[in-house]
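Okay, structure first, notes after.
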Amino acid sequence: MSRWEIVSYVAIFVYTLVMLWNDHSILLVLGTVLVAGLIMFSIFVLYPMVWETRMDRLEAFLRRKQNAPYIYINYATVNRLDEEVELTMEKLMSNTSASKSTKANYQAAYGAYRKDLFTVKKAVREMRKSVYRTYYETFVLIEEGETERAREHLSSIKREWMRFALLAEIERKLNHYKEAEELAAQAVQASKGVNRYAMTKEYERYYSMEQQAQ
């Protein structure tokens, strides 16, 4: 938790005590706390996860979220921290309040990270129909060399960053590195929040290495 988060939550706590001390209605107090809490959540969690584009802020946000496995798993996988990935996955899978479909999403991401197609396929069967299910189905097709079928799947994916990322992977598998790099750059530009962080790191990993090798 950052310093500003601590200060903000302490301020809400103190303000709540003052309201109670002055005999304000309990409903008013609860309503105020709820609204303030939602605002704080939006500022400190929702905004960086969904809309932030600055890498330094995203890096700082993700690094300090070790106590939130569903967020920290993004940092651990993108930065290839194998031990932390395993520990974080254990926490996510042991969460009894998470639905089967939610856990399947984590398992699919973990399988993709490990390049374990069996795990990805198993997870996909347990996922609800969604853009993420289509994304991982397409990922499997690409890894199995079914590039034409993968392109057909892409037509149903409306999120630009997903389409560009998958198209880049198709071109990279076909050794079309220039086209792949251009598509990967488009994936970065089309993404925000945690996805922007992941796309940028993947771009740096694959294309800076391949440029150096050429």
Side-chain angles (χ1 to χ4, degrees), residues 45-62 70-81 85 101-102 104-117 119-121 123-124 127-214:
V45 179
L46 192 60
Y47 180 81
M49 282 192 70
V50 180
W51 292 296
E52 183 63 78
T53 57
R54 285 183 50 175
M55 284 294 288
D56 57 339
R57 292 182 178 179
L58 285 165
E59 179 96 19
F61 168 74
L62 290 170
Y70 71 99
I71 297 176
Y72 190 70
I73 190 66
N74 294 282
Y75 181 80
T77 53
V78 168
N79 289 285
R80 306 294 178 183
L81 306 176
V85 169
S101 180
T102 297
N105 285 326
Y106 296 133
Q107 289 173 324
Y110 176 73
Y113 169 77
R114 302 287 297 182
K115 296 294 184 181
D116 180 353
L117 295 187
T119 296
V120 178
K121 289 179 179 179
V124 164
M127 293 168 68
R128 290 193 300 266
K129 287 187 177 181
S130 67
V131 67
Y132 288 100
R133 177 170 179 165
T134 306
Y135 178 88
Y136 286 112
E137 287 173 342
T138 308
F139 169 82
V140 170
L141 291 172
I142 294 171
E143 290 297 311
E144 292 180 336
E146 300 283 348
T147 56
E148 291 307 312
R149 288 183 62 198
R151 289 182 194 276
E152 291 174 7
H153 265 241
L154 284 170
S155 62
S156 63
I157 296 179
K158 304 303 180 185
R159 297 186 186 182
E160 285 191 335
W161 72 266
M162 283 188 174
R163 288 205 311 274
F164 288 134
L166 290 168
L167 283 168
E169 191 63 16
I170 290 172
E171 296 301 333
R172 197 169 70 85
K173 292 288 185 182
L174 296 173
N175 296 323
H176 301 159
Y177 294 119
K178 182 178 179 180
E179 293 86 347
E181 183 179 359
E182 290 174 355
L183 288 163
Q186 288 180 281
V188 171
Q189 291 303 311
S191 58
K192 293 180 181 179
V194 173
N195 295 320
R196 176 70 161 250
Y197 182 80
M199 292 297 100
T200 300
K201 286 289 188 177
E202 290 298 295
Y203 180 89
E204 292 172 351
R205 176 176 294 108
Y206 286 120
Y207 300 104
S208 60
M209 288 173 58
E210 283 165 2
Q211 285 175 350
Q212 293 169 9
Q214 288 176 358

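- Atom CG of Leu166 and atom OG1 of Thr147 lie 13.0 Å apart (nearest 0.5 Å).
- Scanning both residues, Val120 and Gly111, for their nearest heavy atoms gives CG2-C, 3.4 Å.
- For Glu137, the side-chain contact (heavy atoms from CB on, under 4.5 Å) test picks out Val124, Arg133, Thr134, His153, with sequence neighbours left out.
- Under the side-chain contact (heavy atoms from CB on, under 4.5 Å) criterion, Arg159 pairs with Val131, Tyr132, Trp161, Met162, not counting sequence neighbours.
- A distance of 12.0 Å separates CD of Glu143 from OG1 of Thr138, quoted to the nearest 0.5 Å.
- Closest approach of Tyr177 to Tyr207, counting heavy atoms only: O-CE2, 4.4 Å.
- Residues satisfying the side-chain contact (heavy atoms from CB on, under 4.5 Å) criterion with Thr200, sequence neighbours excluded, are Met55, Val188, Arg196, Glu204.
- In this structure, Ser156 OG and Arg163 CZ are separated by 10.0 Å, a value rounded to the nearest 0.5 Å.
- Around the NZ atom of Lys115, the shell of radius 6.0 Å holds more than 12 heavy atoms that belong to other residues, nucleotides or ligands.
- For the atom pair CG (Leu46) and CH2 (Trp51), the distance works out to 4.5 Å, reported to the nearest 0.5 Å.
- When side chains are defined from C-beta on, Phe61 counts as touching Ile71, because their heavy atoms get closer than 4.5 Å.
- Contact between Arg172 and Ala180 at its shortest, heavy atoms only, is N-CB, 3.7 Å.
- Residues Glu59 and Lys201 meet the side-chain proximity criterion, which asks for heavy atoms closer than 4.5 Å.
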(request) Please lay out, stage by stage, how Leu117 and Phe139 fare under the test side chain to side chain contact (heavy atoms under 4.5 Å, CB included). (result) CA-CA 9 Å; Leu117 295 187; Phe139 169 82; 3.9 Å; yes
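- Screening Asn74, Asn79, Thr53 for a side chain to side chain donor-acceptor pair (under 3.5 Å) involving Tyr197 leaves a single residue, Asn79.
- Side-chain contact of Glu181 with Tyr203: a donor-acceptor pair under 3.5 Å is present, judged by distance alone.
- To the nearest 0.5 angstrom, Asp116 atom CG is 10.5 Å from Lys121 atom NZ.
- Shortest non-hydrogen contact noted between Ala108 and Ala123 is N-CB, 3.6 Å.
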(request) Go through the steps for Ile73 and Tyr110 under the test side chain to side chain contact (heavy atoms under 4.5 Å, CB included), then give the verdict. (result) CA-CA 9 Å; Ile73 190 66; Tyr110 176 73; over 6 Å; no
(message) Between Leu154 and Ile170, is the side chain to side chain contact (heavy atoms under 4.5 Å, CB included) condition met? List the steps.
(response) CA-CA 11 Å; Leu154 284 170; Ile170 290 172; 4.1 Å; yes
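- Taking every heavy atom of both residues into account, Glu52 and Arg54 meet most closely at OE2-N, 3.1 Å.
- Side chains of Glu171 and Lys178 form no contact here, defined as non-hydrogen atoms less than 4.5 Å apart.
- Looking at heavy atoms from C-beta onward, Arg80 lies in side-chain contact with Tyr113 at the 4.5 angstrom threshold.
- Annotation: Arg128, atom CZ; neighbour count of heavy atoms from other residues, nucleotides and ligands within 6.0 Å does not exceed 12.
- A salt bridge between Glu152 and Arg149 is absent, with no side-chain N of the basic residue lying under 4.0 Å from a carboxylate O of the acidic one.
- Atoms CE and CG, from Met49 and Leu62 in turn, are 8.0 Å apart once rounded to the nearest 0.5 Å.
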